[in-house]
There are 4 protein chains.
Amino acid sequence: MRGLNRVTLIGNLGNVPEFQALEGGVSVAKFSLATTETFKDKNGQNHSDTEWHTVVLWRSLADLAHQYLKKGSSVYVEGKLKTRNYDVKDGSKRYVTEIIADQIIILDKRTNADE
Amino acid sequence: MRGLNRVTLIGNLGNVPEFQALEGGVSVAKFSLATTETFKDKNGQNHSDTEWHTVVLWRSLADLAHQYLKKGSSVYVEGKLKTRNYDVKDGSKRYVTEIIADQIIILDKRTNADE
Amino acid sequence: MRGLNRVTLIGNLGNVPEFQALEGGVSVAKFSLATTETFKDKNGQNHSDTEWHTVVLWRSLADLAHQYLKKGSSVYVEGKLKTRNYDVKDGSKRYVTEIIADQIIILDKRTNADE
Amino acid sequence: MRGLNRVTLIGNLGNVPEFQALEGGVSVAKFSLATTETFKDKNGQNHSDTEWHTVVLWRSLADLAHQYLKKGSSVYVEGKLKTRNYDVKDGSKRYVTEIIADQIIILDKRTNADE
DNA sequence: TTTT
DNA sequence: TTTT
């Protein structure tokens, strides 16, 4: 291994995972994950800051997400950053950064995959 | 703490850090970091995949980067993901995801900050 | 920063946190944390492996643990490894490795510190 | 995945890796790794604190360590904590906590495995 | 026992 | 000693 590209998140899903079964039996899922940070400002006031992440899961992780995660679920996600580009009509390019998951831990009791 | 938003990278700088001393004595630096992953495909062929990240550093970390990092430097970066949006002339919005560093370790002997 | 010493755990408490208010207003807490790994063996059988860790918390983290964590609580712990030695009656030394926490996230809804 | 048990270290080897080829073609290596933390005390004095870790590597990671790491090498190690016990002559037990590596990145230019 |  |  020569480089390291790792992301770890704990947060809540902003939507039901979008799930697709691709040709060849491969499945993909995608969801938005909110991570919230709380902090006190210099005046001692509590604030919170929410950051939204796009999480992409493949194969068995996609199936797991599809089966057990719902809007609001709490989850630990581990993966890597990947920036994709796509073309837009006007001929320019757009970039989007996603987290390709390689591990998840479902943190809600009720929706837990081991039940 | 309620959420977790952490990125850890080991890679090489693609450029000299851009450095700015803002009003009020605050400094910022920004650089591109390449993380390279090597893997064998199903035919046993070696491949490598490079991902580019935008790393932003504030205050003393910006100063450290400015002083000790150069193009090609090897560095460990720890921070959090932040997606900013900005307006474009045509009235639409663009999004860019950056890593806001909160720790770095310089991994090159010759440029080491502790020398 | 020149070195990195970081541990991240998600698991369940094996006991109520032991809590002590030391002289000078400093508090300490300590608990055992079980992390469970599940895996399939070569015959496809499911197995699980539990590892026990000693987690030590100081000051406000100790207070938080004391107030919100109980036996069985699910928690994310981030900290560093520290090996202490102590003398035994026979004149020899014993070593014990602990995780000194610097962040925790309480993962149970019901005992959540933010409620 | 239900639990998380992860350690990440950046430090220097205190010794040449001890290497063993076990029966059945499996290899193991073991080394001590020093992680050094530097900090300023309340009087502004610089201090450093070194922690020693026992790192165990199996199979291809053992071979890699054997071939490329030497005393003083700088390395990134990722793995999990495992506490083993062993019996002592007087009938009591001793415990030792080790890091079982599952990834390493060699950080010295000269000894780099990719050269 | 390492490194800067 | 925990949890699913």
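As a basis for the values below, the full set of heavy atoms in this structure was taken, side chains included, without hydrogen atoms, waters or symmetry mates. Just so it is clear, the model here is predicted, and its values are computed rather than measured. Lettering follows sequence order; numbering is per chain, from 1.
Donor-acceptor pairing under 3.5 Å is recorded for the side chains of D:Thr36 and D:Thr50. No side-chain N or O of D:Ser74 forms a donor-acceptor pair with one of D:Asp108 less than 3.5 Å apart.
Following rounding to the nearest Å, A:Ile105 (CD1) and F:dT4 (P) show an atom-to-atom distance of 14 Å. Atoms NZ (C:Lys71) and C1' (F:dT4) sit 17 Å apart, rounded to a whole Å. Rounded to a whole Å, the CG atom of C:Leu33 is 13 Å from the P atom of F:dT2. One atom, CD of D:Glu37, and another, P of E:dT3, lie 19 Å apart when rounded to the nearest Å. If you measure from atom CG of D:Asn12 to atom C1' of E:dT4, you get 9 Å, rounded to the nearest angstrom. We find that NE2 of D:His53 is positioned 13 Å from C1' of E:dT1, with the value rounded to whole Å. For D:Lys70 and E:dT2, the NZ to P distance is 14 Å, given to the nearest whole Å. Taking atom CG of residue D:Asp108 and atom P of nucleotide E:dT4, one finds them 9 Å apart after rounding to whole Å.
In the set F:dT2, E:dT2, E:dT3, E:dT2 carries the atom at the smallest distance from any side-chain atom of D:Thr50. Considering only the side chain of D:Ser32, E:dT1 comes nearest among E:dT1, E:dT4, F:dT1. Taking only side-chain atoms of C:Asn15, from C-beta outward, the nucleotide of E:dT2, E:dT3, F:dT1 with the closest atom is F:dT1. Ranking F:dT3, E:dT4, E:dT2 by closeness to the D:Ala34 side chain, first place goes to E:dT2. With F:dT2, E:dT2, E:dT4 as the candidates, the nucleotide lying closest to the side chain of C:Arg2 is E:dT4.
Stacking annotation: C:Trp52 is stacked on the base of F:dT1 (ring centroids less than 5.5 angstrom apart, interplanar angle below 30 degrees).
Counted within 6.0 Å of CZ on D:Arg94, heavy atoms from surrounding residues, nucleotides or ligands total more than 12; the atom is thus considered enclosed.
A distance-only check finds a donor-acceptor pair linking the side chain of D:Glu51 to the backbone of C:Thr83 [under 3.5 Å].
Between A:Glu37 and the choices B:Arg6, B:Arg2, B:Lys80, the salt bridge (charged side-chain N to carboxylate O under 4.0 Å, His left out) rule is met once, by B:Lys80.
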